[in-house]
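This is a predicted model, so every value here is computed, not measured. Just so we're on the same page: letters track the sequence lines, and every chain starts at 1.
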Amino acid sequence: MSTYRFPEPWATAEIPGPRKAAIIPRPESLVAILRRANRRLLVAGSKALDRIEGVDTVELIRLLHSTKLFTIVASRNTAYRLEEVGIPTVASISVYELGDRLRDSSWTGFDGVGGYDLVGFIGFPYITLWLVLSGLKHFAPKISTISLDPYYHPHAYWSLPNVKGSEWYSFIKKVADSFGVM
Amino acid sequence: MSTYRFPEPWATAEIPGPRKAAIIPRPESLVAILRRANRRLLVAGSKALDRIEGVDTVELIRLLHSTKLFTIVASRNTAYRLEEVGIPTVASISVYELGDRLRDSSWTGFDGVGGYDLVGFIGFPYITLWLVLSGLKHFAPKISTISLDPYYHPHAYWSLPNVKGSEWYSFIKKVADSFGVM
Amino acid sequence: MSRRDFNLRIKKLVSDIFQAEGLEISFGRILEEWEEPLGPTPFPSITDLRRWDHILLERYKPFYMPFCDLCCLCTMGKCDLTSGKRGACGIDMPAQQSRIVLLAACIGAATHAAHARHLLEYLVSKYGRDHPIDLGGNIYVEAPIIRLVCGIKPRILGDLEDALSYVEEQIISLLAATHTGQEDSWIDFESKVFHAGMLDHVALEIADLAQIVALGYPKGDPEAPLVEIGLAAIDQSKPVILVVGHNVPSAASIVDYLVRNRMYGAVEVAGICCTAHDVSRYNPMAKIVGPLSWQLRFVRSGLPDVVVVDEQCIRADILLEAARVKAPVIATSIEKCMGLPDATSEPIDSIVEKLVSGSMPGILFLDPDRVGELAVKTALKIFPYRQKIRSLPSDEDLKTLASKCRGCRFCERACPNNLPIAEAINAASKGDFNALAYLYEICIGCGKCEETCPQRIPVHSVIIQGARKIWRNERFKIRVGRGPIQDVEIRNVGRPIVFGEIPGVIAFVGCSNYYNGGREIVEIAEEFLKRNYIVVASGCAAMTLAMAKDDEGRSLYEKYTGTFDAGGLVNVGSCISNSHIAGAAIKIAAIFAKRNLRANYEEIADYILNRVGAVGIAWGAMSQKAAAIAAGFWRLGVPVIVGPHGAKYRRLLLGRRDDENSWYVYDARTGDRVYSGPAPEHLFVAAESKEEAIVMIAKLCMRPNDTSKGRAIKLSHYIDLSKKYLGCLPDDLHLYVRKEADIPLTLKSEVLEFLKSKGWSEKPIPDPTLLPRLVRKR
Amino acid sequence: MSRRDFNLRIKKLVSDIFQAEGLEISFGRILEEWEEPLGPTPFPSITDLRRWDHILLERYKPFYMPFCDLCCLCTMGKCDLTSGKRGACGIDMPAQQSRIVLLAACIGAATHAAHARHLLEYLVSKYGRDHPIDLGGNIYVEAPIIRLVCGIKPRILGDLEDALSYVEEQIISLLAATHTGQEDSWIDFESKVFHAGMLDHVALEIADLAQIVALGYPKGDPEAPLVEIGLAAIDQSKPVILVVGHNVPSAASIVDYLVRNRMYGAVEVAGICCTAHDVSRYNPMAKIVGPLSWQLRFVRSGLPDVVVVDEQCIRADILLEAARVKAPVIATSIEKCMGLPDATSEPIDSIVEKLVSGSMPGILFLDPDRVGELAVKTALKIFPYRQKIRSLPSDEDLKTLASKCRGCRFCERACPNNLPIAEAINAASKGDFNALAYLYEICIGCGKCEETCPQRIPVHSVIIQGARKIWRNERFKIRVGRGPIQDVEIRNVGRPIVFGEIPGVIAFVGCSNYYNGGREIVEIAEEFLKRNYIVVASGCAAMTLAMAKDDEGRSLYEKYTGTFDAGGLVNVGSCISNSHIAGAAIKIAAIFAKRNLRANYEEIADYILNRVGAVGIAWGAMSQKAAAIAAGFWRLGVPVIVGPHGAKYRRLLLGRRDDENSWYVYDARTGDRVYSGPAPEHLFVAAESKEEAIVMIAKLCMRPNDTSKGRAIKLSHYIDLSKKYLGCLPDDLHLYVRKEADIPLTLKSEVLEFLKSKGWSEKPIPDPTLLPRLVRKR
Ligand code: SF4
Ligand code: SF4
Ligand code: SF4
Ligand code: SF4
Ligand code: SF4
Ligand code: SF4
Ligand code: SF4
Ligand code: SF4
């Protein structure tokens with residue numbers, strides 16, 4: 001990954017502070033992280049229907065979905081379109097409302113069974129995710145948040161670095177492949 | 001250098017922003033930087049008489065002095081003691097006053113001949129140097145500032161990383177050696 | 001002021017009267033000569049409404065999204081507040097975030113208070129303390145906010161000073177609470193934020209009331225005139241004076257001078273930001289360029305010959321930008337002196353000379369009454385020389401400039417909206433300017449792209465020039481700010497609003513820091529106008545609403561009436577006119593529902609929260625003032641939706657629809673605790689997308705007090721919009737249906753099926769209140 | 001207020017009088033009934049003294065050291081301001097830094113103004129508006145700052161309200177200038193900072209004057225009583241009420257209740273921070289624990305049984321810390337509600353019950369007059385149960401805790417002073433606590449070390465417990481704050497100060513954020529006391545000066561007299577008593593030099609800058625208030641030195657001794673421009689070390705007006721101190737010798753030799769001024 005050595009926030013000025021996301025250097029690392037988790041949530045954002053860095057984001061969500069690892073939720077404007085293309089979401093919810101629930105340690109999740117220990121995010125405007133991840137970093141200390149967008153997100157617990165679209169695609173693809181799909 | 005991969009400010013919270021000092025990875029790099037410069041100033045700070053990270057800072061200043069590269073100035077409380085041990089200073093000056101002159105592009109230096117293009121700092125309380133380097137980063141854009149203290153100084157143009165005292169000593173020693181001294 | 005303090009103040013007054021008998025008359029009038037009894041909280045101090053605030057904040061808890069991990073406010077810092085750590089003063093992250101919110105709200109409220117102070121001093125000096133506050137025959141409740149908060153009824157300009165001194169004193173105390181080692185609890189910081197918001201609204205009302213009555217603005221006229229807006233509305237063949245800012249005296253002085261000297265028509269007066277609103281309220285011959293984000297593009301276009309700035313939201317580089325097109329700047333406010341020499345006491349002609357010759361790029365001139373002469377003379381004299389010098393690249397240069405781009409994308413990474421600039425520049429280098437034109441439509445005109453470009457490409461100028469075809473036709477109509485809502489309008493719509501038959505009042509307010517361009521709020525507004533909601537607007541948002549045309553070339557203001565009624569689009573005016581939006585909500589409680597207004601804040605706010613389906617949309621809120629205005633709405637029980645950038649205000653106030661306990665109210669008839677549904681669900685929320693916002697607006701208009709008929713109407717819109725924009729039935733529908741009668745007839749089977757799947761059953765419809773003391777039978 | 005505005009106000013008053021005849025008396029008195037003619041700038045607005053500010057700022061230019069590369073104040077940000085880039089609003093880095101300085105100064109000034117407002121309202125309610133402002137027979141110029149700034153002469157408490165309303169209104173306008181899109185020039189931001197500072201001083205004077213005259217504090221008594229200070233001064237065998245903060249009514253109420261019920265002696269009243277100063281001025285039986293940095297150590301010691309907090313500089317975690325030692329907290333200020341339930345209207349005994357039982361860790365109680373009863377009853381009742389529970393580790397636990405340390409040094413990296421903690425903990429794990437004791441002496445008690453320790457070692461507690469031998473003997477004497485300087489003292493010292501025979505007035509003020517412990521300022525102060533400088537002190541610094549003993553066990557206050565005269569050590573009191581320090585400088589101009597005082601700011605400041613050798617030292621300045629206080633001194637022409645952390649205020653105001661042009665003044669006799677030497681060299685400077693500070697102080701005491709005799713004395717100290725602490729002759733000596741007669745006799749040959757090496761020649765001694773209008777012959 002060409003930008004691996006530059007863990008700067010994609011939006012240059014959005015410097016967070018001393019606690020910054022660890023870079024996920026290789027697909028295998030992400031695979032390992034995913035395997036370790038128990039209850040995984042994937043959140044598809046308000047830009048998930050757009051091409052991001054030239055990549056069809058929905059395609060990546062489909063790949064992630066096919067790993068069968070995730071409960072999937074999506075931003076209000078996104079959810080039904082994912083449903084339409086065959087990606088089931090358990091809820092359509094504002095990412096801020098979601099953040100507000102995630103930071104409540106007594107919240108029992110969308111199935112009423114319990115909270116999530118790993119939450120991946122994909123398909124967001126940079127600033128929206130930056131802020132929500134900040135809220136979670138500070139107030140949901142037990143959740144591992146992962147930015148799966150092709151931008152370094154310092155407020156996440158784990159983040160991809162800033163990468164080109166093609167690299168992003170192949171990264172996610174490799175992760176999905178490791179779980180034996182397609 | 002063991003901490004090479006952690007270019008965090010030594011004072012954890014003193015995060016500056018998007019523009020951060022480049023690490024000087026090896027003594028040879030510093031040697032190259034020094035060779036490229038024309039007018040070099042070395043500033044010994046208010047802590048230069050103390051042991052820093054267990055190292056006799058005056059000894060390091062002596063080493064740097066012996067390269068004959070630098071005009072040396074020192075903080076008010078430091079200058080005469082350097083003189084006493086045979087390290088000549090052209091001035092004893094508050095580092096803030098010095099910063100105020102350095103940012104004045106019409107200032108002609110201590111010899112009236114011209115400004116400095118490279119200014120090294122050694123022997124400072126972390127926060128003092130952090131602030132002065134910030135002033136210079138923003139308002140003396142043409143000067144390459146170098147933190148020679150064993151702490152990463154993000155506001156410098158070049159900085160050592162956070163290093164142990166022994167590493168610091170041998171780093172400076174090697175630099176001095178390259179200029180054929182001792 | 002606490003009860004005790006109020007009594008003290010009365011005592012003090014009495015002793016004054018003792019000393020100076022004559023006083024009895026003037027203070028007596030203010031405190032006594034008004035039929036309405038004094039409510040419990042006249043001139044409330046920080047803690048007097050704290051209980052109400054805590055009620056709200058227990059339901060609408062802040063979700064903090066720290067904008068920075070650090071605190072850097074004192075010399076013990078920076079302090080790292082991550083992972084639950086406390087700073088050197090002992091503060092933790094929630095308190096620190098709410099502290100910064102309070103700081104922003106104080107800055108905002110202070111800005112309006114200072115604005116009101118300058119304006120009031122000026123108007124009093126010019127029109128006398130005794131100038132009556134008379135809004136004409138249709139408006140008797142002249143100052144709903146001042147009556148509500150202060151418990152006084154202002155009759156003359158001078159009376160407004162009492163309210164203003166109170167506001168100033170209270171803001172000082174709030175600001176003090178942000179000092180290191182003061183407030184340490186998030187909930188009390190937030191309560192103080194609400195207080196700042198309430199004070200801000202008082203300041204807004206003082207300022208707008210004063211200028212309406214003194215300067216003869218429209219007094220609630222639904223048929224206020226239409227004026228022109230847009231870059232292309234400005235006639236280049238004439239000398240152009242650009243006025244930018246918020247405080248109208250200088251701009252009014254220009255108009256006066258032109259009128260007095262019969263030169264109107266020979267010189268264009270063009271405004272940006274609220275001064276534009278207000279000068280067009282003063283004289284509809286003035287033109288409006290656009291909202292604050294139009295500053296760079298208009299100045300660089302070279303059209304303005306003189307730039308007159310007053311205060312607030314004016315670019316900090318306006319002097320530099322104006323100098324690049326050789327347009328002199330006249331600064332007129334003590335709050336924005338710009339380092340310029342003070343020429344107030346110099347003879348006008350010698351100043352004109354200096355400005356025209358370019359020996360001075362600008363001056364500070366602090367006499368509003370003479371600004372007109374100075375600006376006009378300068379404009380007339382410089383006009384022949386300037387020849388509308390531009391600082392935009394020529395068409396030919398565009399390609400050359402664009403071809404310097406190395407595709408590093410630093411511009412995108414600096415852009416607040418991370419717009420796809422590099423791609424557009426790349427296309428431009430090949431002669432295709434369409435992508436630039438697209439950028440123009442969504443760019444907020446901040447200039448950060450070009451500040452950061454290592455190739456020194458004037459990116460923003462490239463965008464503007466690339467989009468010249470658009471702005472050369474940018475010419476629309478906007479209805480001049482009409483000011484307050486008439487009492488009679490309130491009487492007409494009060495019932496349908498409170499009972500839900502008018503499905504909601506939607507206010508578009510605030511700045512133009514849009515995430516995705518201004519077009520979105522036009523679409524949102526029209527969606528609701530078509531559905532017979534009442535739409536009101538102010539400030540930059542009111543301008544943006546004008547800046548689109550339908551197929552017949554009409555703007556929304558031409559398509560919809562200016563009446564405060566179903567399907568009306570009401571431009572109240574500038575940012576300080578936001579007071580009339582809050583005022584309308586208050587007047588519904590007072591005029592329609594006959595609740596006591598005077599110093600009766602809690603009850604009125606409780607009324608509005610539970611009964612008045614009003615929602616504020618600040619889609620591009622940028623400023624500290626916007627933060628204060630929003631806070632004023634929160635305390636009053638009006639929810640506010642911001643666009644994606646609004647989340648940068650550091651926290652949202654979110655309800656939890658999944659937490660049943662949050663939504664119990666008292667039934668005022670019985671005292672029972674009754675589940676009322678999550679209505680309104682949030683007090684302050686950012687929407688991620690236009691689609692989400694539209695559906696959210698419809699939802700936030702529901703109120704516990706809705707009659708079944710009203711609820712059915714509101715639900716039909718909610719459901720319809722949800723289907724249209726989100727492709728599904730709302731998943732929380734069951735929480736809003738209390739009785740079968742609430743279900744819109746046409747959707748009955750579908751909804752019933754959904755309700756069944758949720759195990760729904762009927763619930764009582766309460767006479768809702770959150771205040772135990774309002775329960776009638778106990 | 002501009003001239004015009006002032007006239008308006010007069011007009012307004014006249015019309016008021018017209019309406020209400022009785023008013024004539026009261027306003028007439030304020031404006032007319034005073035022999036001194038009204039100067040040019042009564043109630044100055046932001047721009048009225050701008051010219052003076054610009055004169056100062058052209059000489060003393062800010063050297064900005066940005067504390068952050070970013071701006072995060074609005075939703076268009078964060079903006080990157082590095083490399084000359086401008087933010088989305090167009091602002092650049094110098095403007096942004098000065099904007100933040102202004103914000104801090106506004107917060108500081110607002111805190112004092114709110115403090116003054118609360119206090120004044122309380123005292124007026126209790127003692128009446130007519131309570132006379134009478135400082136006794138030795139003080140006729142009762143309110144030098146108010147007279148100077150406002151042009152009024154307050155005779156009763158009520159008169160102070162006029163000045164306070166002015167302060168509030170102006171701060172609001174300054175705060176407004178920090179809003180996005182307002183001021184954009186660093187020099188005008190800095191001018192506004194000066195304005196904030198001047199307003200702050202007015203607020204300080206209002207507050208201290210009001211409490212002195214109403215509560216019967218010492219009125220400039222040089223022999224104000226000595227009281228005890230230090231942890232060991234507190235008698236553990238009694239119930240202890242700790243009062244923390246700044247606003248005295250609650251603390252006074254405790255004393256009153258004890259006195260009224262003859263219980264003084266049975267309960268200890270111990271104070272931290274300014275409330276401690278003020279309660280000891282009220283009743284010298286109260287004891288002082290120490291400055292703000294003593295909060296954690298004292299609470300953790302378990303000594304306090306009840307903690308009563310009012311406002312300002314109180315730790316944000318005090319409730320948590322107090323709960324750990326089971327001491328209930330009573331919050332008493334609207335500015336610090338702490339999220340606690342408001343129990344003001346509950347019966348005292350039921351509150352006591354809740355606090356003692358622990359069912360509530362604290363309450364908010366907003367009736368100062370009844371706080372005494374509440375606090376005392378709670379203390380008496382809880383005392384037998386609490387048994388002085390500590391939250392410090394036991395001696396045995398110390399080693400165990402220390403041995404958990406992994407040497408990661410995160411504590412050091414979080415410590416504001418990067419203290420060598422890990423080493424000390426390591427030594428402690430081996431049973432050697434000496435290094436801990438050393439840390440105790442220099443630690444500022446912030447607790448960041450333990451917040452960050454991954455091993456959860458309570459680092460600060462470990463330090464305290466390791467140093468128990470020190471604080472178990474921490475017991476000293478401090479002279480109670482005496483308040484103002486007497487007119488007769490001014491008369492005595494005016495001449496020697498102005499002509500240089502008393503070499504300087506040195507004020508130790510501000511907080512205890514020391515870089516290297518408090519001991520340093522004791523050393524600095526004593527150096528100058530021994531040399532017959534006048535030393536004054538206030539706030540936390542005045543406490544620190546007491547906290548060291550000589551070989552005979554005496555503190556500085558016991559060794560030096562309390563007279564404002566050569567070699568005197570004058571504790572004026574709390575932070576708001578800083579007004580008397582500024583007041584003394586002003587009174588020198590007014591009483592000694594007979595300059596008109598009333599509304600004559602520029603002339604008096606020019607006088608002080610050029611003639612009064614006064615220097616402020618805020619060695620541990622931490623707060624926004626300290627920033628405001630310092631700014632007040634700058635505008636008045638008094639230079640301020642801060643310790644190393646003070647550079648975090650984001651900029652210094654530095655003169656350039658190497659730039660000859662900066663140092664020309666007018667000779668008031670001739671109008672000639674005369675080189676006056678760099679005196680004073682800086683307006684605001686941080687010192688890197690104690691040694692540098694000492695020499696700098698001596699230097700900054702020189703003034704252009706010094707007679708040769710005076711200059712010779714000042715130079716002899718400057719040279720002597722430079723040799724003693726910096727090992728050499730000052731390198732700028734030649735700039736301060738105007739005539740041979742300036743050279744100290746004993747050093748003549750040495751100095752002459754030096755002068756020769758510099759090519760020195762004699763220069764005239766001017767009658768110095770920076771104001772052309774003060775030139776007598778033109
Ligand atoms: S105010 Fe508190 S958290 Fe902020 S820098 Fe100061 S000590 Fe740290
Ligand atoms: S001017 Fe427009 S394109 Fe440039 S950074 Fe600002 S919003 Fe983005
Ligand atoms: S910053 Fe400049 S060079 Fe880089 S992509 Fe943008 S326009 Fe091109
Ligand atoms: S709060 Fe703002 S100014 Fe302070 S460190 Fe963070 S980004 Fe920088
Ligand atoms: S105030 Fe200006 S510099 Fe600061 S964040 Fe807003 S736009 Fe950026
Ligand atoms: S409490 Fe003392 S040792 Fe600990 S971080 Fe603060 S100053 Fe340093
Ligand atoms: S942070 Fe804790 S573990 Fe690390 S060195 Fe300090 S005391 Fe030891
Ligand atoms: S000196 Fe500083 S810390 Fe002490 S009381 Fe005053 S402002 Fe607070």
Does any heavy atom of chain A fall under 4.5 Å from the side chain of [X], the backbone, both, or neither of them?
X        : value
C/Tyr515 : side chain
C/Lys648 : both
C/Arg657 : both
C/Asp658 : both
C/Tyr64  : both
C/Leu652 : side chain
C/Lys61  : both
C/Pro420 : neither
C/Glu681 : side chain
C/Cys728 : neither

Hey, is the main chain of [Y] close enough, under 3.5 Å, to the side chain of [X] for a donor-acceptor pair?
X        : Y       : answer
A/Arg19  : C/Leu81 : no
C/Glu688 : A/Val95 : yes
A/Ser134 : C/Pro66 : yes

Surrounding [atom1] of [X] (heavy atoms of other residues, nucleotides or ligands, distance under 6.0 Å), is the total greater than 12?
X        : atom1 : answer
C/Phe754 : CZ    : yes
C/Phe410 : CZ    : no
A/Phe70  : CZ    : yes
A/Arg39  : CZ    : yes

Taking side chain as C-beta onward, heavy atoms only, is [X] less than 4.5 Å from [Y]?
X        : Y        : answer
C/Arg409 : A/Trp10  : yes
A/Glu14  : C/Arg413 : no
C/Val695 : A/Arg76  : no
C/Asp69  : A/His155 : yes

(request) List the atom of A/Pro18, the atom of C/Leu70, and the distance in Å for their closest heavy-atom pair. (result) CD-CD2, 3.6 Å

(request) Indicate the atoms forming the closest heavy-atom contact of C/Asn418 with A/Ala11, along with that distance. (result) ND2-CB, 4.1 Å

When only pairs under 4.5 Å are counted, which of [options] shares the most heavy-atom pairs with chain C?
options                             : answer
A/Leu133, A/Leu136, A/Asp104        : A/Asp104
A/Ala13, A/Pro141, A/Ser75          : A/Ser75
A/Val132, A/Thr12, A/Thr78          : A/Thr12
A/Lys137, A/Glu84, A/Glu83, A/Glu97 : A/Glu97

From [X] atom [atom1] to [Y] atom [atom2], the distance as rounded to the nearest 0.5 Å:
X        : Y        : atom1 : atom2 : answer
C/Ser722 : A/Tyr80  : OG    : OH    : 10.0 Å
C/Met65  : A/Trp130 : CE    : CH2   : 11.0 Å
A/Arg101 : C/Asp659 : CZ    : CG    : 9.5 Å

(request) Just do the salt bridge (charged side-chain N to carboxylate O under 4.0 Å, His left out) check on A/Asp100 and C/Arg651 with the steps written out, would you? (result) CA-CA 10 Å; A/Asp100 191 33; C/Arg651 61 103 177 81; over 6 Å; no

(message) Between A/Phe139 and chain C, with a heavy-atom cut-off of 4.5 Å, which part of the residue counts as in contact: side chain, backbone, both or neither?
(response) side chain

(message) Does A/Ser46 form a side-chain contact (heavy atoms from CB on, under 4.5 Å) with C/Glu692? I'd like the steps, not just the answer.
(response) CA-CA 9 Å; A/Ser46 60; C/Glu692 183 191 12; over 6 Å; no

(request) Tell me, out of C/Glu423, C/Arg656, C/Glu691, who's got the most heavy-atom pairs with chain A below 4.5 Å. (result) C/Arg656

